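Excluded from the calculations below are hydrogen atoms, water molecules and symmetry mates; all remaining heavy atoms, backbone and side chain alike, are included. Letters A, B, ... mirror the listed sequences (proteins, then strands); counts begin at 1. These numbers were taken from a predicted model, which means no experiment stands behind them.
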Amino acid sequence: MGGWKRTHSCGALRAGDAGKTVTLMGWVFRRRDHGGLIFVDIRDREGITQCVFNPGDGAEAHAKVQGVRGEFVLAVRGAVAPRPAGTENVKIPTGAVEVLARELKVLNDCRPLPFQLDSEGDAEVDETLRLKYRYLDMRRAPVLRAFQVRDLLCRAVRDYLHEHGFLEVETPFLTRSTPVGARDFLVPSRLQPGSFYALPQSPQLFKQLLMVAGFERYFQIVRCFRDEDLRKDRQPEFTQIDIETSFLDRDDFLPIVEGLVAAIWRRVKGVELALPFPRLAYDEAMARFGSDKPDLRFGLELRDVSALFVGGEFQAFAQVVGGGGAVKALRIPGAGSMSRKDLDDLTAEAKQAGAKGLVWIKVTAEGLNSPVAKFLSAVQDRLLSLTGAATGDLVLLVGDAPAVAATVLGRLRIDLARRFKLIPVDRDVFAWVIDFPLVEWNAGEKRWDAVHHPFTAPRDEDLPLFESDPGKARAKAYDLVLNGQEAAGGSIRIHQQSVQERLFGLIGISKEEARARFGFLLEALEFGAPPMGGIAFGLDRLAASLAGQESIREVIAFPKTQKGTCPLTDAPAPVDARQLRDLGIRVVEGADPA
RNA sequence: GGGCUCGUGGUGCAGCCUGGUUAGCACACUGGACUGUCAAUCCAGAGGUCGCGGGUUCAAAUCCCGUCGAGCCCGCCA
């Protein structure tokens, strides 16, 4: 840089700096060439400053800047001057001043860009192209801002947890495959041919071992890997805030987590959250919202209207209720205007979600408008009062097993709330969902599966249910829900080896298999494991939410596409035959991935 | 594995439904003019396998089939 030193950032200069000689370094954001006078907006991470190239201030600099184009890297030296009256730019913080360029160094040139970085309109650049040139995409202020939010989030987490006695510990990425959960990413071992490491789906087992080690409070901001299909909120590698503590029961632990969330919101958004967060039992969340991660920013609660149909003339519902099922109702205010086609689509959606059918009722001034209106006349008044429906509203009914009816309407609740813009987007609503079932029946495999993971402790009083009625046993598990998304999930762990073995027995993992897969954990539990529990946040989702982004790709530096590829590096890619030989691996041509 | 949407100069879009001029517009790019602009302006210019393959037709960006890529969703994700 020829001995030049940057004296200020491009966001620093104000009216009070007039008269100073400064050196700015950055990229050419925009260039306005008036022939005799050339304006260059120079940009760095901190902002934009207008530089004026006037032959009278620096003839050589003015000559040089004629060849300068967008995104050239410049060093500009000159005097700060207040802008002539009437030419100030109120849109940028440095708009009161400009730099009268005396000297110019072109530190680097730049090819014509694959897409514009300075567009102010709503022209969206194709995302694959953005990712292929992510380093250019990231020069754009909104993209940078998302990463600054993520940085602030991480700092808030580290500061808060360190203040509360948590120790930051790293755990292995090369570990062993476990039988539960998502598909593992495998890494072949060269030194142990035929054996594989697995990348961790989460540091679950390690953090429990750290508790056995007596570290008492651990956290880690850690990458996790799951080889499953991608979504806008799911990447094959993602980041968790992983936390584990000893000697705390649920009600001691959750307030610590609430404090963490409050610290994050304070730091990133300057918002003071109301604590504690409300708690909903799983059963209640399902009954009222048809979801285990209800969006509580709006109402539209489900109602149970089973009683109206007992033995009634509407045979379909009468049979459902008679057979132990339920009829649930969802009222959407103002949705009575939906067309027949919209309602047909809605019915298709309900069926896709598992319902046998969907009953829709438009409430009009003349009465109920519905394909099954003739069956409803007897219960019309009670239906309207139970649901609170009024003229112009739409009421949806699903009769099925209680869980199915609730889930279907829960999905329609979200869909319709979005469609009719009933969701206030200007606030964040948190809630805990607690008392999850411990296990659920897997009809396909004819066995019980752990709902959370197999190290989750049952509520003490539910332990006897293992033998009598496992489906009724509730877990010491908790999810933190933010605006209808799962922000974090965790549990109090089983810390006694005998209980752990009983649970493995219940979910059909034999003693031998358990010993083979995580005997190391079972053994550790025999050496004085303390009571322990923890939680893990999805950091990317949290960051996306804080940055006001829909997709976590916006807060991941170099994310993958939906097919798991990286447009920038073209990963994944074939490797040399030599590398495969070292690993003892042969690629089967035409192999059909299941 | 399945459903829906999209693919047109470097970028963002129009044209496609209803096949038929030289595929149009804006930005970027190149050359020129211009001393107060800030999405500078004005003049001129260059730049297109209409994702790819096949079919229908006298004729395909346009209609049909297949395929590839991207996005959203379902399944999947303890």
Side-chain angles (χ1 to χ4, degrees), chain A residues 29-42 48-57 62 66-67 69-71 81 83-92 94-95 98 100 111-133 136 178-184 201-202 204-205 224-236 238 345 348-349 351-354 411 415 436 438-440 442 448-456 475 477 486 489-491 503 507 509 536 538 550-551 553 560-563 565 567 592-594:
Chain A
F29 184 57
R30 286 202 191 96
R31 182 180 175 282
R32 292 173 297 280
D33 187 344
H34 290 239
L37 203 60
I38 297 174
F39 299 93
V40 172
D41 292 337
I42 184 168
I48 293 172
T49 301
Q50 172 168 286
C51 301
V52 189
F53 290 81
N54 188 326
D57 293 321
H62 180 265
Q66 307 224 5
R69 292 295 180 271
E71 297 303 312
R83 295 201 191 183
T87 68
E88 298 89 351
N89 186 350
V90 293
K91 288 192 221 161
I92 54 175
T94 61
E98 58 197 5
L100 308 177
R111 283 166 50 181
L113 298 165
F115 56 91
Q116 289 313 113
L117 307 186
D118 65 344
S119 56
E120 294 202 345
D122 43 359
E124 287 245 345
V125 179
D126 176 72
E127 192 179 355
T128 313
L129 191 71
R130 289 177 56 202
L131 295 184
K132 180 169 166 63
Y133 298 98
L136 297 178
T178 49
V180 287
R183 203 175 285 113
D184 284 321
Q201 298 174 25
S202 79
Q204 183 61 40
L205 299 173
C224 302
F225 306 87
R226 293 178 191 178
D227 188 6
E228 296 293 347
D229 286 358
L230 285 71
R231 291 281 190 283
K232 66 181 170 184
D233 61 351
R234 271 162 39 188
Q235 285 272 307
F238 61 99
D345 290 349
E349 192 184 331
K351 284 182 176 165
Q352 229 223 331
R411 194 181 283 194
D415 192 71
F436 281 83
L438 183 69
V439 292
E440 64 187 345
N442 181 334
W448 294 99
D449 281 343
V451 168
H452 193 60
H453 59 57
F455 316 108
T456 297
E486 185 191 329
S491 64
L503 182 65
I507 62 176
I509 296 180
E550 282 276 313
S551 167
R553 292 191 297 268
K560 308 277 189 292
T561 68
Q562 198 158 37
K563 286 231 167 59
T565 65
D592 189 18

Next item on the list: Find the distance A:R30:CZ to B:U37:P and express it as a whole number of Å.
Entry: 16 Å
Next item on the list: Name the residue closer to the 5' end of RNA chain B, choosing between A:L113 and A:N54 according to the nucleotide with the nearest heavy atom.
Entry: A:L113
Next item on the list: Between B:A28 and B:U11, how far apart are the P atoms? Round to whole Å, please.
Entry: 15 Å
Check: When rounded to the nearest Å, what value does the distance between C1' atoms of B:C50 and B:C6 take?
Finding: 14 Å
Item checked: Nucleotide B:C76, atom C1' - distance to CD of A:Q562 in whole Å -> 13 Å
Next item on the list: Verify, without hydrogens or angle tests, whether A:R31 (side chain) and A:G70 (backbone) share a donor-acceptor contact under 3.5 angstrom.
Entry: no
Next item on the list: Working to the nearest 0.5 Å, report the span between CZ of A:R231 and CD of A:Q562.
Entry: 7.0 Å
Note to self: Among B:G36, B:C77, B:G10, which nucleotide has an atom closest to any side-chain atom of A:E228?
What the structure shows: B:C77
Next item on the list: Check whether the side chain of A:R411 and the base of B:C74 form a donor-acceptor pair under 3.5 Å.
Entry: no
Item checked: Pairwise C1' distance for B:C64 and B:A40, with rounding to whole Å -> 50 Å
Item checked: Nearest-neighbour nucleotide for the A:P55 side chain, B:U35, B:G36, B:C77 considered -> B:U35
Margin query: What I'd like to find out is whether the side chain of A:R130 reaches to under 4.5 Å of the side chain of A:P567, using heavy atoms alone.
Written below: no
Check: C1' atom, B:G9 versus B:G51: distance in rounded Å?
Finding: 14 Å
Checklist line | Spacing of A:L503 atom CG and A:F455 atom CZ [to the nearest 0.5 Å] | finding: 9.0 Å
Next item on the list: Report the distance from atom CZ of A:R32 to atom P of B:G36, rounded to the nearest whole Å.
Entry: 13 Å
Margin query: Can you tell me whether the side chain of A:R226 and the base of B:C77 have a donor-acceptor pair closer than 3.5 Å?
Written below: no
Next item on the list: Ignoring backbone atoms, establish whether A:T565 has a side-chain N or O less than 4.0 Å from OP1 or OP2 of B:A70.
Entry: yes
Check: Given B:U37, B:C74, B:G10, which nucleotide is nearest the side-chain atoms of A:Q352?
Finding: B:C74
Next item on the list: Write down the distance separating the C1' atoms in B:A23 and B:U49, rounded off to the nearest Å.
Entry: 14 Å
Note to self: Let me confirm one number: the NZ-CD distance from A:K91 to A:E88, rounded to the nearest 0.5 Å.
What the structure shows: 14.0 Å
Margin query: If I pick the P atom on B:G7 and the same atom on B:C13, what distance separates them, to the nearest angstrom?
Written below: 9 Å
Check: Considering only heavy atoms and no angle criterion, is a donor-acceptor pair shorter than 3.5 Å present between the side chain of A:E550 and the base of B:G71?
Finding: no
Next item on the list: Report the distance from atom CG of A:D57 to atom P of B:G36, rounded to the nearest whole Å.
Entry: 14 Å
Notebook entry, point to check: Who does B:C38 pair with, Watson-Crick or G-U, both distances under 3.5 Å?
Noted result: none
Margin query: From CG of A:D449 over to P of B:C76, roughly how many Å is that when rounded to an integer?
Written below: 12 Å
Note to self: At 4.0 Å (heavy atoms only), tell me whether A:P454 reaches a base, stays on the sugar-phosphate, or touches nothing.
What the structure shows: base
Note to self: Taking any heavy-atom pair under 4.0 Å as a contact, classify A:R553: base, sugar-phosphate, or nothing.
What the structure shows: sugar-phosphate
Margin query: When you compare the ring of A:H34 with the six-membered ring of B:G36's base, are the centres less than 5.5 Å apart and the planes under 30° from each other?
Written below: no
Next item on the list: Find the partner of B:C25: check Watson-Crick (N1-N3 plus N6-O4 or O6-N4) and G-U wobble (N1-O2, O6-N3) distances, both under 3.5 Å, and reply none if neither fits.
Entry: B:G12
Check: With both distances under 3.5 Å as the test, what is the Watson-Crick or G-U wobble partner of B:A44?
Finding: B:U30
Checklist line | Between B:G10 and B:A46 - C1' atom distance, rounded Å | finding: 13 Å
Notebook entry, point to check: Closer to the 5' end of RNA chain B via nearest nucleotide, is it A:L230 or A:S551?
Noted result: A:S551
Notebook entry, point to check: Roughly, in whole Å, what's the span from CZ in A:R231 to C1' in B:C4?
Noted result: 13 Å
Note to self: Pairing check on B:C63: which nucleotide meets the Watson-Crick or G-U wobble criteria with it, both distances under 3.5 Å?
What the structure shows: B:G55
Notebook entry, point to check: Looking for any heavy atom pair under 4.0 Å, which part of the strands does A:L129 touch: base, sugar-phosphate only, or nothing?
Noted result: sugar-phosphate
Note to self: I need the A:Q116 CD to A:E71 CD distance, nearest 0.5 Å.
What the structure shows: 9.0 Å
Next item on the list: Please answer whether B:U11 and A:F115 are stacked, defined here as ring centres separated by less than 5.5 Å and planes angled under 30°.
Entry: no
Margin query: To the nearest 0.5 Å, what is the distance between CD on A:E98 and CZ on A:F39?
Written below: 6.5 Å
Next item on the list: Would you indicate what A:S202 reaches in the nucleic acid, counting non-hydrogen atoms under 4.0 angstrom: base, sugar-phosphate, or nothing?
Entry: base
Notebook entry, point to check: Looking at B:G75, does its base get a donor-acceptor pair with the side chain of A:D229 below 3.5 Å?
Noted result: yes
Checklist line | Distance between C1' atoms of B:G24 and B:A61 (Å, rounded) | finding: 13 Å
Margin query: Quick one, A:P112 and A:R69 - any side-chain contact, counting heavy atoms below 4.5 Å?
Written below: no
Check: Does some side-chain heavy atom of A:E228 sit less than 4.5 Å from a side-chain heavy atom of A:Q201?
Finding: no
Next item on the list: Name the nucleic acid region contacted by A:P114, choosing base, sugar-phosphate or nothing; use a 4.0 angstrom heavy-atom cut-off, strictly under.
Entry: sugar-phosphate
Next item on the list: Please check the phosphate of B:A70 (OP1 and OP2 only) for any side-chain N or O of A:T561 closer than 4.0 Å.
Entry: yes
Next item on the list: Write down the distance between CG (A:D345) and C1' (B:U5), rounded to a whole number of angstrom.
Entry: 15 Å
Checklist line | Pairing nucleotide - B:G19, Watson-Crick or G-U, each distance under 3.5 Å | finding: none
Each nucleotide N or O in nucleotides 31-33 of chain B that has a protein N or O under 3.5 Å away: list the pair and distance.
none

Item checked: Length of the NZ-C1' vector between A:K232 and B:A70, whole Å -> 16 Å
Notebook entry, point to check: Which part of the nucleic acid, if any, lies within reach of A:E486 when heavy atoms closer than 4.0 Å are counted: base, sugar-phosphate only, or nothing?
Noted result: nothing
Note to self: Side-chain N or O of A:K563 versus OP1/OP2 of B:A70: is the shortest distance under 4.0 Å?
What the structure shows: yes
Checklist line | From CA spacing to verdict: salt bridge (charged side-chain N to carboxylate O under 4.0 Å, His left out), A:D41, A:R32 | finding: CA-CA 9 Å; A:D41 292 337; A:R32 292 173 297 280; 2.9 Å; yes
Checklist line | Contact check, side chains of A:L230 and A:K560, non-hydrogen atoms, under 4.5 Å | finding: yes
